[in-house]
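The analysis underlying the following values was restricted to heavy atoms, covering all of them including side chains, and did not include hydrogens, waters or symmetry mates.
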Amino acid sequence: MAVSENVPLDKVRNIGIIAHIDAGKTTTTERILYYTGMIHKLGSVDEGNTQMDYMEQEKERGITIVAANTTTYWKNHKLNIIDTPGHVDFTIEVERSLKVLDGAVVVLCATSGVQSQTETVWRQADRYHVPRIAFINKVDRLGADFDRVLGQIYERLGANAAAINFPDAHEDQFKGLIDVVAMKHVTYEDADGLKMVVSDIPEHLKTKAAAYRHTLIEKVGEADDAIMEKYLNEEEVSTEELMAGIRRSVLKAKFLPVLAGTALRNRGVQLVLDAAINYLPSPLDVPPVKVFNPNNVENITYRKPDNSEPLTALVFKVASDPYVGKIFYTRIYSGVLTSGETVLNSSVDKRERISKLLLMHANKQEIIPKAGAGEIIAVVGLKETKNGHTLCHDTNPAVLEGMRIPEPVVSMALEPKTKADQDKLGIILRKFLDEDPSLRVEYDHETSQTIISGMGELHLEIIIDRMKREHGLEANIGRPQVAYKEAITRKVEDVVGKFISQSGGRGQYGHVVIDVAPAERGKGVTFIDKVVGGVIPREFIKSIEHGIMSQSKSGILAGYPVTDIVVTLHDGSYHDVDSSDIAFQMAAKIALKEALLKGGSSFQEPIMAVEVSSPEEFMGSVIGDLNTRRAKITELTSIGNLKIARADVPLAEMFNYANAQRSLTQGRASFSMEPSYYAQVPNNVAEKIIGARQDYLSSRKK
């Protein structure tokens, strides 16, 4: 079957492979491509020759940095697959992939179990209501415990989960798999796992298999009435009935089928493929997509995954190719997209011409003439389109909901080594900004430096490396800086901001009265207009809001952005002649500065959720070191001889932690961390930050 060949929509699966770093996502995807005939030689992450990790940085580091798309076939079903990164620094790749996917395979390690990034990607999948199946990988390793990980899925992820197969194995003694649905024993005759042998369950495993099946029926029954009725009446549930019940439950995202295997040793991956086509949704099983009228956002309609419906497509990722230029990864929700046609980018009201349509196979491309509803393809030729924009026809305009973009937590200063490189730096960074919405770039006028902000040290390190390798640009780099913020500690009312200027000719007059209150964590700056009676003309309200937002980018303590406040404008005055946009902007800035002073503005710092795994003999040193970093230990658990510590630690204390941990544990420990929340900085630490910031700004001005 040719890859570009169309198949019925009910036989299409758009799925993502998601997991914590090192759980085996890319290895699993590599085996999927091998068994489906897309590749004929198995690659290895360690050797840097897998299909999906094609960037030089991915090959060198043995990690996935960008989500890679591919299309393949299994048992007359078309699979559009996205292999996503596991490192938290590249969480935007997971976020935008899950936005457009219909289902996901969650990969877990049979020794490490549910880890911090597993919980993160699980929450992301919850946010987009993505049905899932789980694959517990590496069941052949020493210390592997399938049942313990199954328990963690229930406890930590809160999933209604049960095994649909389990390993006939004890740690590194792997023999095969027990299919709990069909009640069969699966073994393999060859090292590549191509020759599967399905036989009856051995006598010594029948009792265990029956117990697993009983649990499976019970868990599916909790989500499906038909199975529950059979269960309560103690009636026999056939294989077909059980499969149908599992599918109904998965589509409602109320049940998680769990499979076992070892992708590296080529065992169990075909059963994951079977589960994907049997249980995960097709585009027809997903609710119609909600669209907004671009001229009236309150006018909401729904479009079904049908080629006869008006075109609705979301550009969820922009990438650059050295040969064809920009590539726009696109999910088509309804209608048909044809090469050569002109479409409307309704997000910015611009018309765009489609020069080519592509099916992507990692960094390789296959040109196709058109694509229909339910497809994930790539578009070439767009000029004004960016991440999160909607493509449609101007006869039926519509806008899709945008994506959630995480806030950056680490910043770094860049200075080109030569004057000639300054303009080049701007062009390169604009290209990276188009590709990566989680990257931020600002120019600091006080220090004459370009500041880039991202999700972590590794994120920024990769950006710097790509600048050098792909564009030949080297820059002087400042040490990473924490993205501090400011927030008030108490509500202040009736704060007055007045701007009056008279210097000959027409004067300037702006007068505002605001209340400022703390907001919920993560809400940013909210502006509310409660002016009544025309005390301030309507045309100046936008100017006041602009002044508030502008001033909030620079707080009063050390110039860091202000966050999590609600600003309510409720009074003021104007002058018939002297009032202007700029006067009210200035008045708003003066008022917010005063409110920050009166409201007890305080420093807020990003707190990281850190998980450390260490042999027992080093855990005392690990805990002691974390305590010196202002850590708050939240949990201590054990997995065999391995101790797991979970803690909330300020990001400022975690720079260079990898080297410190390596030294403390002889390189035998590992850790992961992810942004968790912002919290107030202790006063003694805040004083040091303010002093250091002032010294830094003074040194830059000399």
Side-chain angles (χ1 to χ4, degrees), residues 88 116 120 406-412 440 442 451 453-457 479-493 495 514-528 548-549 551-568 591-611 623 625-635 645-657 673-697:
V88 68
S116 59
T120 301
E407 283 292 314
V409 295
V410 175
S411 300
M412 188 181 285
R440 302 280 196 280
E442 294 177 341
I451 309 296
S453 305
M455 298 307 297
E457 285 184 273
R479 68 181 295 272
Q481 301 288 325
V482 176
Y484 291 107
K485 294 185 179 181
E486 290 183 29
I488 62 171
T489 56
R490 58 184 176 272
K491 182 178 180 179
V492 288
E493 298 180 334
V495 181
I514 61 174
D515 297 340
V516 182
E520 286 181 48
R521 184 183 290 164
K523 289 294 184 182
V525 179
T526 304
F527 176 79
I528 299 173
I548 294 292
M549 295 303 175
Q551 183 58 48
S552 70
K553 293 177 181 177
S554 180
I556 60 170
L557 297 178
Y560 290 106
V562 179
T563 190
D564 299 342
I565 58 170
V566 178
V567 180
T568 304
L592 184 57
K593 279 185 179 179
E594 184 68 18
L596 293 174
L597 283 168
K598 291 182 176 179
S601 191
S602 66
F603 265 135
Q604 303 285 307
E605 64 180 343
I607 304 296
M608 310 301 284
V610 178
E611 182 179 288
I623 296 293
D625 179 66
L626 286 173
N627 286 333
T628 66
R629 299 173 186 270
R630 296 193 282 132
K632 179 184 176 183
I633 308 298
T634 57
E635 185 182 4
R646 292 185 169 209
D648 291 341
V649 193
L651 174 61
E653 306 291 346
M654 290 300 291
F655 290 128
N656 205 33
Y657 180 66
M673 68 176 182
E674 60 176 337
S676 184
Y677 58 90
Y678 269 80
Q680 186 171 337
V681 179
N683 290 335
N684 61 322
V685 178
E687 289 170 7
K688 292 178 183 177
I689 295 168
I690 294 170
R693 175 77 168 173
Q694 290 171 343
D695 291 345
Y696 173 70
L697 293 175

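- In this structure Glu594 satisfies the side chain to side chain contact (heavy atoms under 4.5 Å, CB included) test together with Val495, Leu597, Lys598, sequence neighbours excluded.
- Residues Leu592 and Ile565 form a side-chain contact, since some pair of their non-hydrogen atoms from C-beta on lies under 4.5 Å apart.
- Nearest heavy-atom pair across Thr563 and Ala487 is O-CB, 3.5 Å.
- The side-chain heavy atoms of Glu442 and Ser411, taken from C-beta on, include no pair separated by under 4.5 Å.
- Side chain of Thr634 to backbone of Arg646: a donor-acceptor contact under 3.5 angstrom is found.
- Taking each heavy atom of Val649 and Met654 in turn, the nearest pair found is CG1-SD, 3.7 Å.
- Put simply, CD1 on Ile548 and CD1 on Ile528 are 12.0 Å apart, with the number rounded to the nearest 0.5 Å.
- For the pair Glu605/Pro682, a side-chain contact is recorded, criterion being any heavy-atom separation below 4.5 Å from C-beta on.
- Atom OG1 of residue Thr526 and atom CE of residue Met549 lie 7.0 Å apart, to the nearest 0.5 angstrom.
- Salt-bridge check for Glu493 with Lys491: passed, with a basic side-chain N closer than 4.0 Å to an acidic carboxylate O.
- Closest approach of Phe603 to Ala686, counting heavy atoms only: CD1-CB, 3.7 Å.
- Side-chain atoms of Asp625 and Tyr657, non-hydrogen and from C-beta on, do get closer than 4.5 Å to each other.
- Other residues, nucleotides and ligands place more than 12 heavy atoms under 6.0 Å from the CD atom of Glu635.
- By the 30° and 60° cut-offs, the orientation of the rings of Tyr484 relative to Tyr560 is perpendicular.
- A pairwise comparison of heavy atoms in Ile623 and Ile633 identifies CD1-CD1, 4.1 Å as the closest pair.
- The neighbour count for Gln680 CD, taken as heavy atoms of other residues, nucleotides or ligands under 6.0 Å away, is above 12.
- Closest approach of Gln604 and Ser602 over heavy atoms only: NE2-OG, 3.2 Å.
- Side chain of Ser601 to main chain of Glu486: no donor-acceptor pair is present (N/O by atom type, distance under 3.5 Å, no hydrogens or angles).
- In terms of modelled atom types and a separation under 3.5 Å, the side chain of Asp564 and the main chain of Gly524 share a donor-acceptor contact.
- Formation of a donor-acceptor pair under 3.5 Å by the Arg629 side chain with backbone atoms of Glu653 is found in this model.
- Shown here for Asp648 and Ala609, the closest heavy-atom pair between the two residues is OD1-CA, 4.0 Å.
- Here the side chains of Met608 and Pro675 are in contact, with some heavy-atom distance below 4.5 Å.
- Taking the side chain as every heavy atom from C-beta outward, Val562 and Ile488 never approach each other to under 4.5 Å.
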